[in-house]
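Accompanying notes for the structure given below.
Values below: every heavy atom of this structure, side chains too, minus hydrogens, waters and symmetry copies.
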Amino acid sequence: WCAGVFRQDGKLFYHFPVASGFADFSFVVEITQKQLAVLQDDEERSYFLSAALHETHQLEPYPSEASRAEMFETILFADK
């Protein structure tokens, strides 16, 4: 079970699983080409995003879209 990216109907999607004790979930979020480039080129940010999304979705399975978008932007594009 690991996060990954797939293309469907010309769009990019980030798929990530969440294990939460007795229940397992998976989520799919549309991403941009720019976000994909960072995920492919920066292994550290890719792993950190996966871990952060996993933990967040364990605590709150359906956070707001704005919250999730902010997490993608901060983790993928903030200065190191």
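Residues Q33 and L12 share a closest heavy-atom pair of OE1-CD1, 3.4 Å. Scanning all heavy atoms of the two residues, the minimum distance from H15 to S26 falls at NE2-CB, 3.3 Å. The heavy-atom pair separating H54 from P17 by the smallest distance is CD2-O, 3.3 Å.
A distance of 6.0 Å or more separates the ring centres of F25 and H57.
Linking Ile, Leu, Val, Met, Phe, Trp and Tyr residues whenever their side-chain heavy atoms come within less than 4.5 Å leaves L36 and F13 in two separate clusters.
Taking CG from D42 and CZ from F48, the interatomic distance works out to 12.0 Å, rounded to the nearest 0.5 Å. With rounding to the nearest 0.5 Å, the separation of OG1 in T74 from CG in D79 is 11.5 Å. Taking CD from E73 and CD1 from I75, the interatomic distance works out to 10.5 Å, rounded to the nearest 0.5 Å. For the atom pair CG (L49) and CD (E44), the distance works out to 12.5 Å, reported to the nearest 0.5 Å.
Counting only heavy atoms from C-beta outward, the side chains of F6 and V28 approach each other to under 4.5 Å. Counting heavy atoms from C-beta on, the side chains of Q35 and Y14 never come closer than 4.5 Å. Side-chain contact between L39 and I31: present, with at least one pair of heavy atoms (C-beta onward) separated by less than 4.5 Å.
The main-chain N or O of L53 is never found under 3.5 Å from a side-chain atom of R68 such that the two would form a donor-acceptor pair.
Atom OH of Y47 is surrounded by 12 or fewer heavy atoms from other residues, nucleotides or ligands within 6.0 Å.
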